[in-house]
Amino acid sequence: MVSPDAVLQLELDTRHRQNRYRRRKTLQSPQGVEVLVNGKRCLGFSSNDYLGLANHPALIKSFQQAANQYGVGSGASHLVSGHGAEHQALEEELAAFTGRPRALLFSTGYMANVGVIRALMGQGDLVVQDRLNHASLLDGGFLCRAQFERYPHADLAAAQSLLANNSAERRLLVTDGVFSMDGDLADLPALAATADQNNAWLMVDDAHGFGVLGKTGRGIAEHFAMDIDSLPILVGTLGKGFGTFGAFVAGSEALIESLIQFARTYIYTTALPPAVAAATRTALTLIDSESWRREKLQTLIAHFQQGAAERGVAVMASPTPIQPVLIGDDQQVIKIGELLLEAGFWTGAIRPPTVPVGSARLRITLTAEHETEHVDALLDALAGALKSVGGT
Ligand SMILES: *Cc1c(COP(=O)(O)O)cnc(C)c1O
């Protein structure tokens, strides 16, 4: 018999040859503008902590106080005995924040997406998704046993035709609000119209929009002024703009009660630590009271795009803090990422299968804590790195 290691090693070797081998770097500081990574001090441009709340003193204080009061572990799932006062309060505040009757906490966004799709859809139903949706949404589509169809990114006509040419009674149209590796927005008003015309429910995952989009940070629903009727199933994650950890679904009473009854990733998992919920409640108040963080991001995004154009660096058209630079070749993106790290800048080198083959990219993310000088320094280093590998 061939040992598991021998078989696995062959696959690992293949991954290596494809330049798709992934290695973790060790972060030895909090997330922030200045980070310590693998022993080297550099400027961080790779986290999803868009508002700069992950290491905010007010969140730390709430976290510490709640740990003193409730301990560390929640001790059980929400349905057994792990649903605490902090979780309950946060759910009520998230419902108010999103303008929906109810909200339900999940332990991660991955679990929220898989759990919602599996709870709502099954054999004989139809799930239609954008090809570039987050892996957790796609996995939900595969796992739910419904017919699962994907349309090319942002291709509304294709979405329309997949729905129109199918007779399944129960249909779900699913999209990211902000696409996580491209930074562009879904055309939600058009998708909502398509869903409506074809008798489908619309589910939106706004992991990267909450806290960032909309005048008051209510995300893509606020950006497009969409109420619960046009957007009945709204998912948010807490590990990005909120600066903490976990996720939630917001919607009607019937939706949330159905998830409590039927979402397996909700039922069969331990509730978040109460202190995480407490820190998230503080993040919610800062999203409201510190609108300068959103405004600062807009300034930085404009500065980045203008500075890139001035230096002849082609960036993808993105109105969000996710500012990808398309490189294409897997080996080149690794090289550029390494050059930038040597120069003191930590960016994300993203390769397939996270993005489609041939579209490897640097994923640069901005946060409200960056200054325009940081952006200028990054762009200078980036222009230099691109030149030295012979890219554009
Ligand atoms: C990060 C992300 C998730 C997963 O959320 P986690 O809480 O990290 O599991 C889901 N959807 C999108 C669009 C994301 O970017």
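Counting starts at 1 for both ligands and their atoms, following the listed order.
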| Element-labelled atoms of ligand 1 that are located less than 4.0 Å from some non-hydrogen atom of D176 | 13 (C)
| remark: heavy-atom search around atom 6 (P) of ligand 1 in the protein gives G109 N, 3.3 Å
| ligand 1 versus N113: contacting region, heavy-atom distance under 4.0 Å | side chain
| query | For F262, does the CZ atom sit with more than 12 other heavy atoms under 6.0 Å from it, leaving out its own atoms? | reply | no
| said: Parallel, tilted or perpendicular, judged at 30° and 60°: which one describes the rings of F242 and F210? | reply: tilted
| note | Closest to atom 15 (O) of ligand 1 among protein heavy atoms sits H208 NE2, 2.5 Å
| Relative to the heavy atoms of S180, which atoms of ligand 1 are at a distance of less than 4.0 Å? | 15 (O)
| note | Counting heavy atoms under 4.0 Å, the part of A207 that contacts ligand 1 is side chain
| note | atom 9 (O) of ligand 1 sits nearest the protein heavy atom Y110 N, 2.9 Å
| task | Quick one: sort the F148 and F142 rings into parallel, tilted or perpendicular, breaks at 30° and 60°. | result | perpendicular
| remark: Under 4.0 Å from one or more heavy atoms of T108, ligand 1 contributes atoms 7 (O), 9 (O)
| said: Please determine whether any non-hydrogen atom of S136 lies less than 4.0 Å from an atom of ligand 1. | reply: yes
| Point-to-point distance, once rounded to the nearest 0.5 Å, from CZ of R171 to CG of N199 | 6.5 Å
| pair V178-V212: side-chain heavy atoms closer than 4.5 Å | no
| Hey, what's the ring geometry for H78 with H83, parallel, tilted or perpendicular (30° and 60° as the breaks)? | tilted
| message | At under 4.0 Å between heavy atoms, is it the side chain or the backbone of K240 that contacts ligand 1, or both, or neither? | response | side chain
| Protein residue, atom and distance nearest to atom 11 (N) of ligand 1, heavy-atom basis | D205 OD2, 2.5 Å
| message | For the CD1 atom of I336 and the CZ atom of R361, what is their distance to the nearest 0.5 Å? | response | 13.5 Å
| Atom indices of ligand 1, in the order listed, that fall short of 4.0 Å to a heavy atom of T237 | 5 (O)
| said: Testing the basics here: between R281 and A89, what is the closest heavy-atom pair and its distance to 0.1 Å? | reply: CZ-CB, 3.4 Å
